[in-house]
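The next block holds one structure in the form of structure tokens; read it before the comments.
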Amino acid sequence: MELPKNYSPQETEKKIYKKWEESGYFNPDRMIQDAIIPSDAPAFSLVLPPPNVTGTLHIGHGIMLAIEDTFVRFYRMRGYKALWIPGTDHAAIATQSKVEKELYKKEKKTRHDVGRDEFIKMVEEFAQNSKNTILSQVREMGSSVDWSRQAYTLDKQRSSAVVVAFKKMYEDKLIYRGGRIVHWDPKMQTTISDDEIEWVEEKTPLYYLKFGDFTISTARPETKFGDKYIVVHPDDKRYEHYKHKQAIEVEWINGTITATVIKDESIDMEFGTGAMTITPWHDSTDFAIAERHDLDREQVIDEYGKILPIAQEFQGMSIKKARPLIVQKLKEKGLLEKIDENYTHRIATNSRGGGIIEPQIRTQWWVDVSKQFTLQNSNLQGIPSGSQTTLKEIMKQSVKTGQITLYPDRFKKTYFHWIDNLQDWNISRQLWYGHRVPVWYKGEKIAVGAEPPEKDEWEQDPDTLDTWFSSGLWTFSTMGWNGQQTDEMKQYHPTTLMETGYDILFFWVARMILMSGYLLGEVPFENVYLHGLVRDEQGRKMSKSLNNIIDPRDLIKKYGADATRMALLAGNPAGNDTSLSEEKVKGYKHYANKLWNITRFILMQTEDYEMSTTEPDLTSNDRAILQSIERLETKIAKHIQNYQLHLAIEDLYQFTWREFADKMLEDSKPLLQDDTTKTSRQYTLTNALIRLLVLHHPFMPFITETLWHHIPDTQGLLMTHQNK
RNA sequence: GGGCGGUUAGCUCAGCUGGCUAGAGCGCUUCGUUUACACCGAAGAGGUCACAGGUUCGAGUCCUGUACCGCCCACCA
């Protein structure tokens with residue numbers, strides 16, 4: 001079969017993928033069945049970070065798939081039972097908000113207009129479409145995932161794992177229900193967790209208000225109606241004539257009130273006048289002060305962001321509308337002392353939907369990360385079975401003891417810092433799409449489980465769970481966990497590798513460590529490879545507004561999946577952001593073509609050569625070539641095992657093009673004309689080529705597999721070719 | 001306010017535990033219609049490795065400090 005002059009990926013990639021998939025060898029069990037690897041082969045396992053079903057994959061997913069597939073293919077060819085489990089994430093808030101937006105755009109309706117059941121149907125339909133797109137994109141990238149094990153965070157199996165996990169935590173009193181200050185998004189009508197907040201800075205006037213003998217400042221005058229505590233530092237000389245909890249009469253916005261002086265050490269004496277009033281219902285700092293001194297809390301703003309009757313004539317107004325009017329009134333009453341126009345205020349927004357967060361006190365479900373409990377069966381170092389520990393401690397020890405290694409190592413510091421500051425995890429959401437909180441109420445009675453204790457009169461909690469609750473179980477819920485260890489888990493858990501973006505180290509990686517440590521007494525994975533952001537050629541983030549988003553599908557169409565993968569991996573060590581340009585991808589398409597023509601040349605030069613099982617007498621030059629290949633193999637393997645794919649690519653590229661093609665092949669031309677050197681060289685080139693294809697396969701699976709089948713001396717799939 | 005990165009050729013970036021006469025890709029210059037490839041080959045230009053000190057026989061590589069740039073965390077009203 002004659003090779004065409006140039007490689008065209010478009011024609012071959014789909015066919016090749018189909019061949020792989022139909023072979024069944026993405027599933028390591030089949031490799032064992034067919035005796036390609038022994039049944040006691042060591043495991044190399046990882047689970048795909050499930051992409052959100054919010055649309056299509058972007059280039060960031062591209063890098064994830066490229067890295068993971070490279071590792072899986074490398075280990076599959078090295079005799080491991082390599083398992084890569086695919087799946088998708090329902091991404092509760094993200095998916096729901098996407099569908100809500102569309103619904104409003106198309107029909108000017110909200111989710112309440114269509115109702116819970118109907119709305120969920122719509123979301124599910126949307127999710128299904130996304131899933132289809134995503135899964136075909138995963139194929140296009142060449143990902144050798146085991147499709148027979150595909151999972152979805154909201155499918156039946158995973159949902160039942162969620163209930164089991166919730167129930168156990170509830171019974172251990174690690175999950176509790178409580179009224180605390182939460183991040184409330186009035187737009188989406190739900191709470192979100194600390195980690196979902198995105199802070200934006202905004203220039204807001206800072207108002208200095210007269211509060212009795214004090215001067216206080218605020219950027220949010222609309223919240224001040226209920227303020228009746230004035231807080232100063234206990235050591236502040238200016239206020240030493242006031243006693244803690246002393247009552248004072250103050251003329252305030254809506255008349256004279258009785259206020260109380262509170263002394264608390266959290267006050268910064270340097271800021272303003274060193275005195276502030278507090279609004280515990282709508283500010284977490286203030287809430288903490290109120291908790292410490294057991295103070296009253298009063299709600300001023302409702303769930304929709306409207307002002308409550310406490311504000312008298314302003315009631316029912318939106319914050320935006322009320323603020324200038326309130327400022328006007330303060331001014332008229334002589335309470336406004338001055339305005340600082342150059343103040344920068346930090347505003348909390350919902351990173352998943354953009355709404356401005358209004359802190360509120362609400363009753364929610366929480367995971368207590370600091371509570372002591374007994375860990376029964378533990379394989380965690382530093383936490384023996386039956387000992388008392390906390391979820392925080394589990395998260396900390398798993399990394400500290402080296403049971404989990406992070407690549408790059410420096411993320412350990414951020415990780416520990418995050419744990420040290422960690423507060424209880426708010427896991428309930430007032431969303432409709434997601435795992436419904438498995439709690440049932442009947443009057444004062446409460447029951448936990450997938451089903452109510454009796455058919456009648458029990459009502460389920462209306463809230464759903466934070467999407468990260470279910471993704472925290474991902475490494476073992478994908479292996480059929482339902483409260484018991486499964487055969488799958490025996491073989492593949494803890495997984496060898498978790499590969500994901502550093503931006504979800506806290507969201508996800510930490511939660512998996514928490515869940516696995518708590519529920520299984522073991523780590524979810526042994527190694528964590530964190531990749532960075534993909535930026536454009538100028539190093540800018542990709543965004544819709546900059547119109548610089550690169551769709552992996554476009555790159556694949558134009559340059560092929562192999563070139564796309566290489567461009568994403570080359571020069572990109574773990575933890576670093578990388579910038580991607582079309583030029584870079586094009587460069588690797590040329591490289592693919594080079595590889596193609598290297599093969600073409602060798603095939604043309606060895607048409608009359610029969611590969612013998614025994615090595616012929618080799619010239620010293622030829623022995624040197626094969627030795628250099630051997631050195632290359634050693635280096636590449638070392639780099640991959642050290643999680644340094646970029647170094648592997650660099651060496652591969654340099655050797656293949658600059659050494660092998662430019663020098664060795666050029667030198668071969670006369671040698672192949674000479675009968676004394678011909679056979680030796682033919683053997684050497686064929687042998688070298690086969691080994692080069694093997695080395696390239698994890699990075700460039702399509703082209704290498706294609707070429708493999710053009711070489712007369714090869715058998716079977718390159719994908720499953722056992723290299724040592 | 002705390003922490004973490006970065007600053008190396010025009011551009012994008014490698015450079016592990018110190019030995020580099022400092023590398024790659026793209027771009028640039030000159031040459032080449034060689035029957036594997038012009039998605040190519042040959043030759044070449046281009047860097048006081050941010051700055052200032054220090055350790056060392058020897059420093060992009062280690063230490064201290066400075067300046068920018070980026071990111072993360074944090075209850076300064």
Side-chain angles (χ1 to χ4, degrees), chain A residues 3-8 181 194-195 197 199 206-209 216-220 223-224 227 230-231 264 266-279 283-289 343 345-346 348 359 408 410-418 420-423 502-503 505-506 532-533 535-541 559-560 563 566-567 570-573 575-605 638-639 642 644 646-647 649-651 653-654 657-658 661-663 665-666 668-669 685:
Chain A
L3 280 184
K5 204 166 153 184
N6 288 316
Y7 172 55
S8 61
I181 194 147
D194 297 351
D195 300 288
I197 295 284
W199 294 93
L206 185 68
Y207 303 96
Y208 286 82
L209 306 178
I216 60 151
S217 55
T218 183
R220 304 206 50 197
T223 64
K224 296 280 131 187
D227 288 16
I230 176 97
V231 191
D264 190 280
S266 69
I267 295 295
D268 179 1
M269 288 189 270
E270 307 292 313
F271 189 93
T273 59
M276 71 175 201
T277 60
I278 56 166
T279 314
D283 185 288
S284 58
T285 311
D286 297 0
F287 180 81
I289 294 172
Y343 182 70
H345 190 223
R346 283 169 68 241
R410 71 180 122 91
F411 280 100
K412 269 205 289 210
K413 279 186 196 161
T414 12
Y415 177 79
F416 291 134
H417 185 252
W418 176 81
D420 289 341
N421 290 304
L422 189 61
Q423 307 281 317
Y502 65 67
D503 52 329
L505 177 61
F506 308 141
L533 256 51
R535 298 166 177 277
D536 73 4
E537 65 264 66
Q538 290 160 58
R540 300 175 305 182
K541 266 191 192 175
Y559 306 107
M566 287 290 274
N572 180 213
N576 279 24
D577 291 353
T578 183
S579 46
L580 184 69
S581 61
E582 274 210 44
E583 285 307 306
K584 191 174 179 188
V585 188
K586 205 168 149 190
Y588 285 101
K589 182 188 188 287
H590 295 173
Y591 181 66
N593 194 57
K594 191 74 190 179
L595 200 56
W596 183 265
N597 275 289
I598 287 170
T599 308
R600 188 158 167 259
F601 174 75
I602 294 174
L603 288 180
M604 286 167 94
Q605 299 300 331
K638 192 191 84 193
H639 289 321
N642 289 340
Q644 294 178 303
H646 66 295
L647 295 181
I649 285 177
E650 176 121 17
D651 285 342
Y653 188 105
Q654 286 309 311
W657 201 322
R658 306 277 84 110
D662 289 349
K663 300 206 177 82
L665 290 194
E666 288 306 320
S668 295
K669 286 174 183 174
L685 292 184

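Every value quoted in this text rests on a predicted model; they were computed, and no experiment measured them.
Separation of the C1' atoms belonging to G23(B) and U8(B) is 10 Å when rounded to the nearest angstrom. U55(B) and C72(B) have their P atoms separated by 39 Å, given to the nearest Å. If you take atom P in C71(B) and the same atom in G32(B), they sit 50 Å apart, rounded to whole Å. Spacing of C1' atoms, C28(B) relative to G46(B), comes out at 9 Å, to the nearest Å. Nucleotides A50(B) and A9(B) place their C1' atoms 15 Å apart, quoted to the nearest Å. One P atom belongs to C51(B), the other to A59(B), and the distance between them is 15 Å to the nearest Å. Straight-line distance between the C1' atoms of A42(B) and U61(B): roughly 34 Å, to the nearest whole Å. Comparing the same atom, C1', in C62(B) and in C68(B) gives a spacing of 23 Å after rounding to whole Å.
Proximity of Ser579(A) to the phosphate of C13(B): a side-chain N or O atom is located under 4.0 Å from OP1 or OP2. Taking only side-chain nitrogens and oxygens, Tyr7(A) never comes nearer than 4.0 Å to OP1 or OP2 of C37(B). Proximity of His590(A) to the phosphate of C40(B): a side-chain N or O atom is located under 4.0 Å from OP1 or OP2.
Residue Tyr415(A) is classed as having no contact, given no heavy-atom separation below 4.0 Å to the nucleic acid. Within the nucleic acid shown, Asp283(A) has no heavy atom closer than 4.0 Å to any nucleic acid atom. Within 4.0 Å (heavy atoms only), Ala661(A) reaches at least one base atom of the nucleic acid. Across all strands shown, Lys584(A) has no heavy atoms under 4.0 Å from either base or sugar-phosphate atoms. In this structure, Arg658(A) reaches the sugar-phosphate backbone alone: every heavy-atom distance under 4.0 Å involves primed, P, OP1 or OP2 atoms, never a base. Within the nucleic acid shown, Phe287(A) has no heavy atom closer than 4.0 Å to any nucleic acid atom. Contacts of Gly274(A) with the nucleic acid, taken as non-hydrogen atoms under 4.0 Å apart, include base atoms. At a threshold of 4.0 angstrom between heavy atoms, the contacts of Leu665(A) include nucleobase atoms, whether or not backbone atoms are also involved.
Between Lys663(A) atom NZ and G41(B) atom P there is a gap of 12 Å when expressed in whole angstrom units. A straight line from CD of Glu650(A) to P of G25(B) spans 9 Å, rounded to a whole angstrom. The NZ atom of Lys413(A) sits 5 Å away from the P atom of G5(B) (whole-angstrom rounding). Taking atom CH2 of residue Trp657(A) and atom C1' of nucleotide C40(B), one finds them 8 Å apart after rounding to whole Å. Following rounding to the nearest Å, Arg600(A) (CZ) and A38(B) (C1') show an atom-to-atom distance of 13 Å. For Ile649(A) and C13(B), the CD1 to P distance is 16 Å, given to the nearest whole Å. A straight line from CG of Leu209(A) to P of A77(B) spans 15 Å, rounded to a whole angstrom. We find that CG of Asn576(A) is positioned 17 Å from P of C4(B), with the value rounded to whole Å.
Taking only distance into account, the side chain of Lys589(A) meets the base of C39(B) through a donor-acceptor pair shorter than 3.5 Å. Checked by distance alone, Gln644(A) brings no side-chain donor or acceptor within 3.5 Å of a matching partner on the base of A14(B).
Taking all atoms of both residues into account, the shortest heavy-atom contact from Ala661(A) to Leu665(A) is O-CB, 3.4 Å. Across all non-hydrogen atoms, the minimal contact from Gly274(A) to Ile267(A) is O-CG2, 3.4 Å. In terms of heavy atoms, Arg658(A) sits closest to Lys663(A) at O-CG, 3.6 Å.
Within the model, atoms CG of Asp651(A) and NE2 of His646(A) stand 10.0 Å from one another, a figure rounded to the nearest 0.5 Å. Note that the CD1 atom of Ile181(A) and the CG atom of Asp283(A) stand 6.5 Å from one another [nearest 0.5 Å].
In this structure, Ala288(A) and Pro573(A) both approach RNA chain B, and ranking their closest nucleotides by distance from the 5' end singles out Pro573(A). Residue order along RNA chain B, read from the 5' end via each residue's closest nucleotide, puts Asp194(A) first among Asp194(A) and Lys224(A).
With a 3.5 Å ceiling on both atom-pair distances, the Watson-Crick or G-U wobble partner of C4(B) is G70(B). With a cut-off of 3.5 Å on both pairing distances, the Watson-Crick or G-U wobble partner of A24(B) is U12(B). In this structure, U55(B) makes no Watson-Crick or G-U wobble pair, since no nucleotide meets both defining distances under 3.5 angstrom. Figure legend. U48(B) is base-paired to no nucleotide; pairs are counted as Watson-Crick or G-U wobble with both atom distances under 3.5 Å. Across all strands shown, nothing is found opposite U33(B) as a Watson-Crick or G-U wobble partner with both distances under 3.5 Å.
Relative to the side chain of His646(A), the nucleotides A36(B), A14(B), A77(B) differ in distance, and A14(B) lies closest.
Lys584(A) places a side-chain N or O within donor-acceptor distance of the main-chain N or O of Ala570(A), the cut-off being under 3.5 Å.
In this structure, G60(B) is classed as syn because its glycosidic torsion stays within 90° of zero.
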